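Down below is the structure, laid out as structure tokens.
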Amino acid sequence: MSKPVRVRFAPSPTGPLHIGGVRTALFNYLFAKKHNGIFFLRIEDTDQNRFVPGAEQYIFEALDWLSIAPSETVGKNEKFGPYRQSERKAMYKQYADQLIASGNAYYAFDTAESLDFHRKQHEEQGKTFIYNWHNREKLDTSLVLSKEETKKRLAAGEDFVIRFKTPVNETLHLHDIIRGDIQFETNLLDDKVLFKSDGMPTYHLANIVDDHLMETSHVIRGEEWLPSMPLHVLLYRSFGWEAPEFAHLPLILKPIGNGKLSKRDGDKLGFPVFPLEWKTEEGISSGYRENGFFPEAVINFLALLGWNDGTDKELFSLDELVNAFDLNRVHKSGAKFDPEKNKWFNHQYLQKQSNESLARSFAGILKEKGISTALDVTKIVSLIKERANFVSEFWEMSDFFFEAPTSYDEKASKNWKEDTPALMNQLIEVIKSIDDFSSLNIETIVKEWMTQNEIGMGKVMQTFRLSLVGALKGPHLFDIVELIGKEETIKRVKKAITTL
């Protein structure tokens, strides 16, 4: 690469960070790490009307949780600071003025009423009003006013905006790393506002100036910014600056049908679209963290939304993703979001966790439920985790270890026959006689008793499990017996005899 890799994630603090934004941050992070470059974060808060308190902190917390925190950002290694656009406000006017001076921009004094009139006039003729080369010299602009008149109106404090003067009759031949060569006709572009009368730049100007001053080498962003690419390239050219390389990521699509994934899709189908929980007066939007997802699982499934390494491999650590990542392998077409596949990823990462670590997490759930136990929670976790996607599922899968059943599954209870109480009483005597109360030894002795007395497995094993669990579920039966102990086992069998 011709210059050091510096890439950025530049979110606006207008609400919680959408999972699509997280993927953009992730791809920037992977690209930077792959090329020994810098991943930095800039807060783009020039639109103060849309600023939401707490949103900025949410962005940092989300990236920290996912272990993809930037190397440079607000309050951290501010080599090209400040890293909040609102704190860079004073510098943008000089660049807008520079474009005016070079003839690449102009003042526009049109009122909202005037523009509305022109729009309606075009609509009546079945046309769309576009502010560009074909009408900018007929409107209220410095292109038709004398320099003296323009200065006079500015000095009088008239409201104005500064618009970019898009070149006429030019075909732009641009290159996108993901999409290849693209052509844009300048005559079809509008003259975007670069600077507003309130003294704030628009996204387009601030973005270009900051990317240049912060030495951004590659702009990796969402597909929705592709239509802005010609304007941004033209702005670089107007300033005489070298433009970065561009890569526009594919959309993350709804699980059902077409269109961009939205919060509404998550609400409707019952899955999060935010990394962390977000609370407002209207309610709570759930997050992947609070739903029990491991950050590694979120990173893994997001990386595979629109990218793969060319193999069938699906499980990648963050380091493996860094080594394998290549923008040339990012797809052009949108990637469908699959909530069920995301659960599968979490299942895979749950299996990778140590039993001790999972037991600590489960202990927190037990504490919340007011469960105090002397049982080996680590051993219980080892018996149930294979069937779980989330730690939050552990309680439902293992509640019978901690609490004797108070009811019995109606369907399973049909296995309780007329001769079952007598068999269960015999089983109690067998269990009483066992000294080595290990799972394997209990199983061996109980099965020997059934063989010697020609008792069928089905007549004992299902009703025995029903007595201990309350249903025909759970791990290996004799593991349950060992863990709850001899006294509790006998107590539960006796209760089943009197109840059933």
Side-chain angles (χ1 to χ4, degrees), residues 9 16-30 33 39 58-70 252 255 261 266 269-278 284-309 312-325 335 337-368 377-398:
F9 178 50
L17 183 60
H18 187 273
I19 205 72
V22 177
R23 188 196 59 172
T24 299
L26 171 62
F27 281 20
N28 274 279
Y29 176 93
L30 296 176
K33 296 299 177 186
F39 167 57
Y58 179 100
I59 293 164
F60 293 126
E61 190 178 340
L63 299 186
D64 281 343
W65 177 63
L66 292 163
S67 299
I68 55 169
I252 297 179
L261 179 73
L269 298 172
F271 64 86
V273 295
F274 302 126
L276 315 178
E277 184 178 82
W278 177 256
I284 298 174
S285 298
S286 67
Y288 277 91
R289 181 177 65 183
E290 290 74 19
N291 271 258
F293 278 83
F294 294 102
E296 301 91 339
V298 177
I299 286 291
N300 201 151
F301 75 67
L302 277 180
L304 296 181
L305 280 175
W307 171 87
N308 67 50
D309 70 340
D312 293 330
K313 182 174 177 176
E314 292 188 285
L315 297 175
F316 292 84
S317 68
L318 189 54
D319 286 342
E320 287 172 332
L321 284 171
V322 167
N323 291 329
F325 190 73
F337 197 77
D338 185 349
E340 292 306 311
K341 186 68 174 181
N342 298 348
K343 290 179 186 176
W344 177 86
F345 275 106
N346 210 62
H347 173 83
Q348 303 305 316
Y349 280 90
L350 189 146
Q351 307 315 308
K352 289 170 179 265
Q353 305 294 315
S354 71
N355 294 330
E356 291 76 16
S357 169
L358 293 172
R360 285 193 292 273
S361 298
F362 188 31
I365 294 173
L366 294 174
K367 188 177 180 182
E368 284 176 14
V377 176
T378 302
K379 181 69 185 292
I380 292 171
V381 164
S382 73
L383 298 176
I384 62 172
K385 76 173 190 179
E386 193 178 325
R387 291 180 295 282
N389 292 325
F390 302 96
V391 173
S392 59
E393 296 170 348
F394 284 1
W395 171 252
E396 193 179 337
M397 298 170 77
S398 67

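What you see is a predicted model; the values in this text were computed from it and never measured. What you see below is based on every heavy atom in this structure, not just the backbone, and it leaves out hydrogens, waters and symmetry mates.
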Return yes if some donor-acceptor pair links the side-chain N/O of [X] with the main-chain N/O of [Y] below 3.5 Å, else return no.
{"X": "Glu290", "Y": "Glu277", "answer": "yes"}
{"X": "Asn389", "Y": "Trp344", "answer": "no"}
{"X": "Gln351", "Y": "Lys385", "answer": "yes"}
{"X": "Asn300", "Y": "Glu314", "answer": "yes"}
{"X": "His347", "Y": "Ala388", "answer": "yes"}
{"X": "Tyr288", "Y": "Ala297", "answer": "no"}
{"X": "Asn346", "Y": "Phe390", "answer": "no"}

When rounded to the nearest 0.5 angstrom, what is the spacing between [atom1] in [X] and [atom2] in [Y]?
{"X": "Glu356", "Y": "Thr378", "atom1": "CD", "atom2": "OG1", "value": "5.5 Å"}
{"X": "Asn323", "Y": "Leu30", "atom1": "CG", "atom2": "CG", "value": "10.0 Å"}
{"X": "Lys313", "Y": "Asn308", "atom1": "NZ", "atom2": "CG", "value": "12.5 Å"}
{"X": "Phe337", "Y": "Phe301", "atom1": "CZ", "atom2": "CZ", "value": "4.5 Å"}
{"X": "Phe9", "Y": "Leu26", "atom1": "CZ", "atom2": "CG", "value": "10.5 Å"}
{"X": "Thr24", "Y": "Ile252", "atom1": "OG1", "atom2": "CD1", "value": "7.5 Å"}

Parallel, tilted or perpendicular, as decided by the 30° and 60° cut-offs, for the rings of Phe325 and Trp307: tilted
At their closest point, which heavy atom of [X] faces which heavy atom of [Y], and how far apart are they?
{"X": "Leu318", "Y": "Ser67", "value": "CD2-O, 3.6 Å"}
{"X": "Leu305", "Y": "Ala335", "value": "C-CB, 3.7 Å"}
{"X": "Leu17", "Y": "Ala62", "value": "CD2-CB, 4.4 Å"}
{"X": "Pro255", "Y": "Leu269", "value": "CG-CD1, 3.9 Å"}
{"X": "Trp65", "Y": "Phe294", "value": "CZ2-C, 4.3 Å"}
{"X": "Pro339", "Y": "Phe271", "value": "CG-CD2, 3.4 Å"}

Derivation and outcome, side chain to side chain contact (heavy atoms under 4.5 Å, CB included), residues Trp395 and Leu366: CA-CA 8 Å; Trp395 171 252; Leu366 294 174; 3.7 Å; yes
Validation row: Tyr58, Pro275 side chains within 4.5 angstrom (heavy atoms): yes
Side-chain heavy-atom pair Ile299, Ser317 within 4.5 angstrom cut-off: no
Over 12 foreign heavy atoms within 6.0 Å of NZ, Lys343: no
Residue pair Ser398, Phe362: steps toward the side chain to side chain contact (heavy atoms under 4.5 Å, CB included) verdict: CA-CA 11 Å; Ser398 67; Phe362 188 31; 3.3 Å; yes
Verdict with supporting geometry, Lys352 and Glu296, salt bridge (Lys or Arg N to Asp or Glu O under 4.0 Å): CA-CA 11 Å; Lys352 289 170 179 265; Glu296 301 91 339; over 6 Å; no
Test log, rule side chain to side chain contact (heavy atoms under 4.5 Å, CB included), inputs Val298 and Arg289: CA-CA 9 Å; Val298 177; Arg289 181 177 65 183; over 6 Å; no
Derivation of the side chain to side chain contact (heavy atoms under 4.5 Å, CB included) call for Leu63 and Tyr29: CA-CA 10 Å; Leu63 299 186; Tyr29 176 93; over 6 Å; no
